[in-house]
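See structure below.
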Amino acid sequence: MDNNDPYLLYHGVLVTKVSHTDDSLKYYESFQVQDDDVIAITYPKSGTTWMQEILPLLLNGGDLTPVLTIPSWDRVPWLDGLRILGIADKLSAPRAFVSHMPYHLMPSSFFSSKAKVIYVSRNPKDVLVSTFHFHQMASFLHDPGTFEEFADQFLAGNVIFGKWTDHVKCWRNTDLGDRILYITYEEMIQDLHGVLERMLLFLGKSMSKDALNRVTEHCTFKTMKQNKMSNYSLVPEALMDNKKSFLRKGIVGDWKNYFSPELESKFNTAISEELKGMDITFPLG
Ligand code: A3P
């Protein structure tokens, strides 16, 4: 990896230089996780931004002020990102964070804390399609090449935060017990209200029926796409081509528009092989 490469290698995991530096990663390692912190963990393009919208609302009784006035990345910062250095001491409890880090690379204070984790997974074929488009709009990521070429890179784990299968496996095999809740992007699309109720229960929070209905409506794709604090339109053009939307389609099954039958078969075989022996399955269809 040379100096012009947009990525850094952190304990074998690729991260972008635009969001991580040696100093920020040192800060991350010694970060003091608090018992009432909530951390949404995702593999990239699985619903991170969605969590940055939902979590503050569930934690504050449904007050829309923060999601309408603070950019997503400062409202629910990346635990391991560069920006947290400037804002960590301004966050009020209970704090919410997001991270794409694998389990074993969480900061040591996380393991001794009682902080709760919400792990969001998404069909890896839709993750691949979403990631492919993100690489086309972000100047701080490698040129993805053709969709087929990028699919090979994705399956080999030559992408930021490594292999999708390694990520879902490490977060399924934790010692966190009832500190972790698993949800899927597909469940959120199917029944957002129901998932928000499950999240509230897990977080030990409650909300009036009206407030929950308002939060559910606020967190729909259509509404979030209009929220400039969440739709990434505030990111400078030099970093992201905003003619392409970060909140792109927000649907389940877009992969069917991209996968040839041959790629589908290769992809399913590779993913199933790597998930063999796990007691859960992920949606591949
Ligand atoms: P698509 O590219 O398939 O549209 P992340 O935030 O982890 O980077 O994930 C981005 C993906 O989540 C994008 O998927 C984006 O459109 C989708 N997304 C974000 N908010 C959403 C919402 N409220 N409803 C549905 N999808 C949403």
Side-chain angles (χ1 to χ4, degrees), residues 15-16 18-19 39-58 64 67-68 71-81 96-101 118-138 140-141 144 147 150-151 154 159-162 164 167-168 171 183-196 199 213-235 239-259 283:
V15 296
T16 65
V18 82
S19 56
I39 308 169
I41 302 283
T42 54
Y43 185 82
K45 312 316 285 179
S46 302
T48 329
T49 315
W50 212 349
M51 286 293 120
Q52 288 171 312
E53 201 81 353
I54 291 170
L55 283 176
L57 296 170
L58 297 189
L64 295 179
V67 297
L68 294 175
S72 53
W73 48 81
D74 284 347
R75 178 203 311 150
V76 180
W78 270 272
L79 192 60
D80 49 294
F97 300 99
V98 286
S99 180
H100 300 313
M101 280 291 177
I118 298 179
Y119 186 85
V120 191
S121 59
R122 184 181 189 187
N123 181 331
K125 293 201 194 91
D126 282 335
V127 170
L128 169 60
V129 170
S130 183
T131 312
F132 177 69
H133 283 279
F134 190 45
H135 275 246
Q136 289 182 325
M137 78 179 287
F140 51 87
L141 295 171
F147 186 70
F150 190 62
F154 182 88
V159 284
I160 54 168
F161 292 98
W164 180 85
H167 203 274
V168 294
W171 278 101
I183 59 179
T184 66
Y185 179 95
E186 290 74 18
E187 287 166 344
M188 289 165 71
I189 290 284
Q190 202 180 9
D191 176 16
L192 183 57
H193 192 275
V195 173
L196 297 187
M199 288 176 70
N213 287 340
R214 195 172 63 241
V215 168
T216 307
E217 160 50 31
H218 181 81
C219 295
T220 58
F221 181 77
K222 203 165 135 234
T223 308
M224 275 181 63
K225 202 173 161 73
Q226 303 305 319
N227 181 0
K228 68 175 192 309
M229 292 296 153
S230 309
N231 64 13
Y232 277 78
S233 59
L234 297 177
V235 174
L239 289 178
M240 267 187 209
D241 174 2
N242 275 312
K243 288 185 288 308
K244 302 186 171 86
S245 295
F246 182 95
L247 273 95
R248 192 183 59 91
K249 284 196 180 170
I251 58 170
V252 169
D254 192 34
W255 66 267
K256 290 177 187 150
N257 296 314
Y258 292 85
F259 277 64

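One-based numbering, in listed order, for ligands and for the atoms of each. Keep in mind the model is a prediction, meaning the values are calculated, not measured.
Under a 4.0 Å heavy-atom criterion, Thr220 is in contact with ligand 1. Residue Arg122 places a heavy atom under 4.0 Å from ligand 1. Heavy atoms of Met224 approach ligand 1 to within less than 4.0 angstrom. Proximity of Asp126 to ligand 1 is not established, as no heavy-atom distance is less than 4.0 Å. By the 4.0 Å heavy-atom criterion, Ile251 is excluded from the residues contacting ligand 1. Judged by the shortest distance from any of its heavy atoms, Tyr185 lies inside the 4.0 Å radius around the atoms of ligand 1. The closest approach between any non-hydrogen atom of Tyr43 and ligand 1 is not below 4.0 Å.
Of the protein's heavy atoms, Thr49 OG1, 2.5 Å lies nearest to atom 6 (O) of ligand 1. Protein heavy atom nearest atom 13 (C) of ligand 1, with residue, atom name and distance: Ser130 OG, 3.7 Å. Closest to atom 19 (C) of ligand 1, if we only count protein heavy atoms, is Leu247 CD2, 3.9 Å. Shortest contact from atom 21 (C) of ligand 1 to any protein heavy atom: Trp50 CD2, 3.7 Å. The nearest heavy-atom contact from the protein to atom 9 (O) of ligand 1 is Lys45 CA, 3.3 Å. For atom 15 (C) of ligand 1, the closest non-hydrogen atom on the protein side is Phe246 O, 4.0 Å.
Under the 3.5 Å distance criterion, the side-chain polar atoms of Asp126 are matched with a main-chain donor or acceptor of Gly253.
Interface of Ser46 with ligand 1, defined as ligand atoms under 4.0 Å from a residue heavy atom, comprises 7 (O), 9 (O). Under a 4.0 Å criterion applied to the non-hydrogen atoms of Cys219, ligand 1 contributes the atoms 23 (N). Within ligand 1, counting atoms from 1 as listed, the ones closer than 4.0 Å to a heavy atom of Thr48 are 5 (P), 6 (O), 7 (O). The contact set between ligand 1 and Ile189, taken as ligand atoms under 4.0 Å from a residue heavy atom, comprises 25 (C).
Between Gln136 and Asp241, the side chains place no donor N or O within less than 3.5 Å of an acceptor N or O (distance only, hydrogens not considered). A side-chain donor from one of His193 and Asn213 sits under 3.5 Å from a side-chain acceptor of the other. Checking Ser99 against Asp80 by side-chain atom types alone, a donor-acceptor pair falls below 3.5 Å. Side-chain contact check for Glu217 and Thr223: at least one donor-acceptor pair (N or O, by modelled atom type) lies under 3.5 Å. Inspection of the Thr42 and Thr48 side chains reveals an N or O donor paired with an N or O acceptor under 3.5 Å.
Counting heavy atoms closer than 4.0 Å to ligand 1, residue Thr42 contributes nothing at all. Contacts between Arg248 and ligand 1 below 4.0 angstrom, taking non-hydrogen atoms only, involve backbone and side chain alike. With a heavy-atom cut-off of 4.0 Å, Lys222 does not touch ligand 1 at all.
The side-chain heavy atoms of Tyr185 and Asn123, taken from C-beta on, include no pair separated by under 4.5 Å.
For ligand 1, none of its N or O atoms has an N or O atom of Pro44 under 3.5 Å away. Considering backbone and side-chain N/O atoms, His100 never comes within less than 3.5 Å of an N/O atom of ligand 1. Checked by distance only, ligand 1 and Gly47 come closer than 3.5 Å through their nitrogen or oxygen atoms.
Closest heavy-atom contact between Pro44 and Phe161: CG-CD1, 3.9 Å. The shortest non-hydrogen separation linking Asn242 to Ser233 is ND2-O, 3.8 Å. Residues Asn231 and Gln226 approach most closely at ND2-C, 4.0 Å, considering heavy atoms. The two residues Leu247 and Phe221 come nearest to each other via the heavy atoms O-CZ, 3.3 Å.
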Discussion item. Let's go through Tyr43 and His100 carefully: what are the C-alpha distance in whole Å and the side-chain angles of both, what is the deciding distance for ring-ring contact (aromatic ring centres under 6.0 Å, His included) to 0.1 Å, and is it a yes or a no?
Written reply: CA-CA 5 Å; Tyr43 185 82; His100 300 313; 7.5 Å; no
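Enclosure of atom NZ in Lys228 is not indicated, since only 12 or fewer non-hydrogen atoms of other residues, nucleotides or ligands lie within 6.0 angstrom.
The distance from atom CZ of Arg122 to atom CD1 of Ile183, rounded to the nearest 0.5 Å, is 13.0 Å.
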